[in-house]
Amino acid sequence: MKSFAIIRHDPIKHGRHLVATGLHNARGIPTPNADRKAKAAVPVELLIGTKKPWKDVARVLDSLKIDKIKSDGNSAIEVFCGASPEWWQSQGWAPGINPTGETRAALRQWVDANLTYARTRFGPHLIASAALHLDEASPHIHFLVVPAQYRADGRERGEKKGRLAWRLSTEKMLPNPKTMKAIVTEYADAMAPLGLVRGEDRESGRARHRPLREWQEEQVELAAKMGGEVMKQQELTDQAKAEADRIRQEAAAYAARVRADADREAKAAKELAAQEAEVRKRKDDATNAARIELQRKTNELVGIAAEMEVERKALQTMRGRLESMIGKVEKMMEPIQAFAAKYLSASPIARSAMGAKGPDSVRIASTTEVAELEAMRKFMSGRGRDVDRRCVRGRCAAWPRKRGSAAYTRHCTIGAMSELRTTDISIIIARPGPFKATLSPVPIL
């Protein structure tokens, strides 16, 4: 038995008709001939588009920049693609099952072949929606195609004459019956690899005249039959209108929420930007203040370092001078020390003055120091003129009761001091106890 490839075309008017068709294809409304207990994982699979096909059609129209549609004009064409129930039975299909294995593979192969045919014939940019129905007697696909052509309109005049643009033209896409037969043949050829063939055309041109009474009876019967269909169509129209109103209300509420959210986010973004600007300003101010303070401290440290460097160089210069002066003094002292040693060893008076300590009681003093000691001795010798000021046997007659005091020791020491003077330097010989010898100044240099 032959299995046939089935294709059918129906023009869809813009507005309620389009919404009702979309609701049927996406199962947005109850469908009497659909099996609600179908076990298919996805009873209706959206191959192209969304759950709202009428919006998908509007999206395609917007992308083609088509904004002028007649109130009773067609904005889409529904293309039905299917196959004979016998072919589906041969592939293991049965109504209400969940296809698996070879049956599912045959289904996917058939779906891919139909998608390839539709895209090749119409172009992907004109296909707004494609829904695969698996909850009816046999699988089939509903395509919603925008019947647009990129051409010029001969009715345009003036500057628009000859202008190329996308234009709705259902008549160009659904031509005369002869051309439609060629389309059916083309579709059957596309499905031939699956084992489907083209059906036979109905005979035409053999019209039979019927009496008026027979025709009237047929019309009454047809009207009775159509009454139910009209009621169903009215119900579908009412449902589509209610759905359209609900969608419009939802869209308005959604737009209001989006607008409120956008305003709130814009306000929050503005406040955040102001806060960021304030934080950035404070950070910059703090950074500049810290930079200025750091520069001031750096300048102070540089100045202190420069002053210390100047002082270090001055101290180094003074140290050099002192070392030079010490060297000169040491060099000057060499002949003085040599003379003092020679004098002390040669003079009996000096040896007598040194006593048992010998050279340990001798030191070289400056003239200034000798003058100070001389002034002290004169001061001490001027106190108590009626008292014998000589030191006898280590006892001081001036302060017999203050022996051992600081004044007693200083007086006795000064009284026992002898001098050897020169112009600038003197040799002082000092030891405790009575000593009356006085040395006259002897030139050293």
Side-chain angles (χ1 to χ4, degrees), residues 14-16 18-23 25-29 41-69 75-76 115 119 123-132 144-146 148 150 163 165-166 168 239-312:
H14 191 66
R16 296 181 179 179
L18 175 61
V19 174
T21 303
L23 290 173
N25 292 347
R27 293 294 187 263
I29 56 176
V42 183
V44 176
E45 181 180 349
L46 297 177
L47 304 174
I48 299 174
T50 65
K51 293 183 179 181
K52 298 180 180 179
W54 59 93
K55 289 191 176 182
D56 298 330
V57 172
R59 175 179 53 80
V60 173
L61 292 173
D62 291 340
S63 66
L64 300 178
K65 297 181 180 180
I66 298 175
D67 53 357
K68 294 183 179 180
I69 303 175
S75 60
L115 289 174
R119 288 166 178 161
H125 57 288
L126 297 181
I127 302 175
S129 174
L132 171 63
L144 282 181
V145 182
V146 176
Y150 191 71
R163 180 175 62 92
W166 286 99
L168 290 175
Q239 292 177 357
K241 183 178 179 181
E243 179 66 16
D245 293 339
R246 185 183 66 80
I247 292 172
R248 185 163 47 251
Q249 293 175 1
E250 290 181 356
Y254 178 74
R257 289 197 304 271
V258 170
R259 189 161 43 249
D261 293 341
D263 294 340
R264 184 169 57 256
E265 291 179 359
K267 182 179 179 181
K270 186 176 180 180
E271 293 177 354
L272 181 60
Q275 292 177 1
E276 291 180 352
E278 181 65 20
V279 170
R280 192 180 302 108
K281 182 177 180 300
R282 292 183 180 181
K283 182 178 179 182
D284 293 341
D285 294 343
T287 303
N288 293 333
R291 186 182 296 109
I292 294 172
E293 182 64 17
L294 179 61
Q295 185 64 34
R296 188 181 66 79
K297 293 291 185 181
T298 303
N299 294 337
E300 290 181 358
L301 292 175
V302 170
I304 293 172
E307 293 177 358
M308 292 180 65
E309 181 64 20
V310 172
E311 292 180 359
R312 187 187 66 81

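For the single chain, residues carry numbers from 1 onward in sequence order. Just so it is clear, the values below take in all heavy atoms, side chains as well, and ignore hydrogens, waters and symmetry mates.
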Hey, can you pull the donor-acceptor pairs under 3.5 Å for the side chains in residues 263-280, sequence neighbours left out?
from, atom 1, to, atom 2, distance (Å)
R264, NH2, D261, OD1, 2.3
E278, OE2, R282, NE, 3.0

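Under the side-chain contact (heavy atoms from CB on, under 4.5 Å) criterion, I29 pairs with L23, L236, Q239, sequence neighbours left out. Residues that satisfy the ring pair (Phe, Tyr, Trp, His ring centres under 6.0 Å) test with Y254, not counting sequence neighbours, are absent from this structure. Judged as a side chain to side chain donor-acceptor pair (under 3.5 Å), and not counting sequence neighbours, S63 has no contacts. In this structure, the side chain to side chain donor-acceptor pair (under 3.5 Å) partners of R296, at least two apart in sequence or on a different chain, are E293, E300. Among residues two or more places apart in sequence or in another chain, the side chain to side chain donor-acceptor pair (under 3.5 Å) test is passed with E45 by R108. Residues satisfying the salt bridge (Lys or Arg N to Asp or Glu O under 4.0 Å) criterion with R312, sequence neighbours excluded, are E309. With sequence neighbours excluded, the residues forming a side chain to side chain donor-acceptor pair (under 3.5 Å) with S75 are H14, listed by chain and number. Here D285 pairs with K281 under the salt bridge (Lys or Arg N to Asp or Glu O under 4.0 Å) rule; sequence neighbours left out. When the side-chain contact (heavy atoms from CB on, under 4.5 Å) test is applied to A251, no partner is found at least two apart in sequence or on another chain.
Listed by first and then second residue, the salt bridge (Lys or Arg N to Asp or Glu O under 4.0 Å) pairs that reach into residues 243-255 are E243-R246, D245-R248, R246-E250, sequence neighbours excluded. The salt bridge (Lys or Arg N to Asp or Glu O under 4.0 Å) contacts involving residues 46-59 comprise nothing, where partners must be two or more places apart or lie in separate chains.
Atom CD1 in I304 sits 9.0 Å away from atom NZ in K297 (nearest 0.5 Å). The CD1 atom of I66 sits 8.0 Å away from the CH2 atom of W166 when rounded to the nearest 0.5 Å. In this structure, D284 CG and R291 CZ are separated by 9.0 Å, a value rounded to the nearest 0.5 Å. In this structure, L294 CG and L301 CG are separated by 9.5 Å, a value rounded to the nearest 0.5 Å.
Across every non-hydrogen atom of A131 and V44, the tightest pair is CB-CG1, 4.4 Å. For L126 against V60, the heavy-atom pair with the smallest separation is CA-CG1, 4.3 Å.
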Inset, instruction - Test L61 against L168 for side-chain contact (heavy atoms from CB on, under 4.5 Å), laying out the working first. - result: CA-CA 9 Å; L61 292 173; L168 290 175; 4.1 Å; yes

